[in-house]
Student: 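Sharing a structure below in structure tokens format, with a few things to ask.
Keep in mind that this is a model prediction, so the values were computed, not measured. Within every chain, numbering begins at 1; the chains are lettered A, B, ... in the order of the sequence lines, protein sequences first and strands thereafter.
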Protein chains: 2
Amino acid sequence: MQMLDAGKKRLAAHGWRSGDAADFLCLSSEEAAFVEMKLALAGYVRELRTTRGLTQSEVAARLGSSQSRVAKMEAADPSVSVDLLVRSLLGLGASPADVARAISAAA
Amino acid sequence: MQMLDAGKKRLAAHGWRSGDAADFLCLSSEEAAFVEMKLALAGYVRELRTTRGLTQSEVAARLGSSQSRVAKMEAADPSVSVDLLVRSLLGLGASPADVARAISAAA
DNA sequence: GACACTTATGTCGGATGTGACATATTATCG
DNA sequence: CGATAATATGTCACATCCGACATAAGTGTC
């Protein structure tokens, strides 16, 4: 599996040692792609939040969630689903097209 | 909320009466957008499967799931998450970029 | 009609995700 | 250095999702 540089950097930035993340973690290419998507969406959550000068607590209140979960979203914690990430992005005002763009950026 | 024609048709095709689905079902625009995304992904699952001339059972076997769940995926049943839809699409060979395209198409 | 195949629908036990809370860690500013 | 705000991490009860199974409904073919 050939991973793009952007992907490697993002994985590394999250403390996941990687030459090739898929090899190292024994991820199939599908699993790796899934993780990539989650990281892209997680980053977009943080981007939308910081761009608007909001704290995690403020975002949590708006989403009906908690600060800790927002932190986990932005960290792409294994305990957060793509479902939650997408719902949160829409709740922050992103459109489906915006979400699609964020995913494409990960490619 | 102003829903695009493609969206109306898709909702109607699923038996959801709609002038404006958001109004009728009392969905917020975010909820409506979320449903739209699910429908787009569900349709893409079916498209990938039929294009390859596979039955739901065959796809289920490949994904390590069951025929009934595949049927529910394609029907965008409330019990299936975006998570599962995305994982399934990746399992069927779609790339994150492909997934993004499917979502954009819903917009 | 009867039969085989495919897809749809209903249900359920076990797995996973979620919000909430407590608590740590990390700034930032006197 | 405290003190305060923001973010990160750990845990848990409760909710939701998932695969599995049964079964209904649709689609051909004979």
Student: Could you note down all residue pairs passing salt bridge (charged side-chain N to carboxylate O under 4.0 Å, His left out) where residues 79-104 of chain A supplies at least one of them, sequence neighbours left out?
Tutor: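 Of all non-adjacent pairs touching residues 79-104 of chain A, those that pass salt bridge (charged side-chain N to carboxylate O under 4.0 Å, His left out) are A:Asp83-A:Arg87, A:Asp98-A:Arg101.
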Student: Considering only heavy atoms, which members of residues 84-94 of chain B lie under 4.0 Å from some atom of DNA chain C?
Tutor: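 Correct list: empty, so none.
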Student: Could you name each residue pair satisfying salt bridge (charged side-chain N to carboxylate O under 4.0 Å, His left out) that touches residues 38-47 of chain B, not counting sequence neighbours?
Tutor: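 Non-adjacent pairs meeting salt bridge (charged side-chain N to carboxylate O under 4.0 Å, His left out): B:Arg46-B:Glu74.
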Student: Within the sub-3.5 Å range, which N or O atoms of nucleotides 27-30 of chain C have a protein N or O partner, and how far apart are they?
Tutor:
none

Student: In whole Å, what is the span from the NZ atom of B:Lys72 to the P atom of D:dT16?
Tutor: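 Nearest whole value for this atom pair: 17 Å.
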Student: In residues 50-58 of chain B, which residues come under 4.0 Å of DNA chain C by heavy atom?
Tutor: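 Output list: B:Thr55, B:Gln56.
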Student: Would you mind classifying the nucleic acid contact of A:Val70 as base, sugar-phosphate or nothing, using non-hydrogen atoms under 4.0 angstrom?
Tutor: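 Result for A:Val70 = nothing.
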Student: Any heavy-atom pair between the side chains of B:Tyr44 and B:Leu85 that's under 4.5 Å?
Tutor: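 Not in contact.
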Student: Below 4.5 Å, heavy atoms only, C-beta onward: do B:Glu31 and B:Val35 meet side chain to side chain?
Tutor: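 Answer no - side chains too far apart.
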Student: Can you identify which nucleotide, out of D:dC18, C:dT18, C:dG19, has its nearest atom closest to the B:Ser81 side chain?
Tutor: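 Among the listed nucleotides, the one closest to the side chain of B:Ser81 is D:dC18.
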Student: First locate atom CD1 of B:Ile103, then atom CG of B:Leu41, and finally report the distance between them rounded to the nearest 0.5 Å.
Tutor: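 If I round to the nearest 0.5 Å, the distance is 5.0 Å.
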Student: With sequence neighbours left out, what residues match B:Ser81 under side-chain hydrogen bond (donor to acceptor under 3.5 Å, both in side chains)?
Tutor: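 None.
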Student: Could you tell me the separation between the CE atom of A:Met73 and the C1' atom of C:dT18, rounded to a whole number of Å?
Tutor: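 Rounding to the nearest Å, CE of A:Met73 and C1' of C:dT18 are 9 Å apart.
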Student: Of the nucleotides D:dT7, C:dT18, D:dT9, which one has an atom closest to the side chain of A:Arg69?
Tutor: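 Nearest to the side chain of A:Arg69 among the choices is C:dT18.
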Student: Going through the distances and angles, do B:Gln67 and B:Thr55 end up as a side-chain contact (heavy atoms from CB on, under 4.5 Å)?
Tutor: CA-CA 9 Å; B:Gln67 178 269 324; B:Thr55 67; over 6 Å; no
Student: Would you say C:dC21 has OP1 or OP2 under 4.0 Å from some side-chain N or O of A:Ser66?
Tutor: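 No, outside the criterion.
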Student: Is the shortest side-chain heavy-atom distance between B:Leu90 and A:Met37 below 4.5 Å?
Tutor: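 When only atoms from C-beta onward are counted, A:Met37 and B:Leu90 do touch, with a gap below 4.5 Å.
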Student: Does OP1 or OP2 of D:dC17 have a side-chain N or O of B:Ser79 closer than 4.0 Å?
Tutor: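 B:Ser79 to D:dC17 OP1/OP2: no side-chain N or O under 4.0 Å.
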Student: Please give, in whole Å, the distance from C:dT16 C1' to A:Lys38 NZ?
Tutor: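 Taking atom C1' of C:dT16 as the reference, NZ of A:Lys38 is at 11 Å.
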Student: Please write out the pairs of protein N or O atoms and N or O atoms of nucleotides 22-28 of chain D separated by less than 3.5 Å, giving the distance to one decimal.
Tutor:
none

Student: Measuring from A:Leu63:CG to A:Leu84:CG, what's the distance to the nearest 0.5 Å?
Tutor: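 That separation rounds to 8.0 Å.
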Student: For the helix from C:dG1-D:dC30 to C:dG30-D:dC1, how many degrees between its two end axes (five pairs per end), to the nearest 10°?
Tutor: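 Comparing the axis at each end, I get an angle of 40°.
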Student: Would you please name every residue forming a side-chain hydrogen bond (donor to acceptor under 3.5 Å, both in side chains) with B:Glu30, sequence neighbours left out?
Tutor: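 Testing B:Glu30 for side-chain hydrogen bond (donor to acceptor under 3.5 Å, both in side chains), a comparison that skips the adjacent residues, returns none.
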Student: CZ of A:Phe34 versus C1' of C:dT16: gap in Å, rounded?
Tutor: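 The distance from CZ of A:Phe34 to C1' of C:dT16 comes to 12 Å, rounded to the nearest Å.
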Student: Name all residues meeting the side-chain hydrogen bond (donor to acceptor under 3.5 Å, both in side chains) criterion together with A:Ser65; count only those two or more places apart in sequence or in a different chain, and write none if there are none.
Tutor: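 Counting only residues at least two positions away or on another chain, A:Ser65 forms no side-chain hydrogen bond (donor to acceptor under 3.5 Å, both in side chains).
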Student: Indicate yes or no: at least one non-hydrogen side-chain atom of A:Met73 is less than 4.5 angstrom from one of A:Ser88.
Tutor: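 Of all side-chain heavy-atom pairs linking A:Ser88 with A:Met73, at least one is under 4.5 Å.
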Student: Rounded to the nearest 0.5 Å, what's the gap from CG on A:Leu54 to CG on A:Leu92? Could you check?
Tutor: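 It is 7.5 Å, given to the nearest 0.5 Å.
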Student: Going by the salt bridge (charged side-chain N to carboxylate O under 4.0 Å, His left out) test, which pairs reach into residues 53-68 of chain B, not counting sequence neighbours?
Tutor: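 For residues 53-68 of chain B, and leaving out neighbouring residues, there are no salt bridge (charged side-chain N to carboxylate O under 4.0 Å, His left out) pairs at all.
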Student: For the backbone of A:Gly53 and the side chain of A:Thr50, can you confirm whether one donor and one acceptor N or O come within less than 3.5 Å of each other?
Tutor: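 No, because the side chain of A:Thr50 does not come within donor-acceptor range (under 3.5 Å) of the backbone of A:Gly53.
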Student: Would you please name every residue forming a salt bridge (Lys or Arg N to Asp or Glu O under 4.0 Å) with A:Arg69, sequence neighbours left out?
Tutor: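 Salt bridge (Lys or Arg N to Asp or Glu O under 4.0 Å) list for A:Arg69, sorted by chain: empty.
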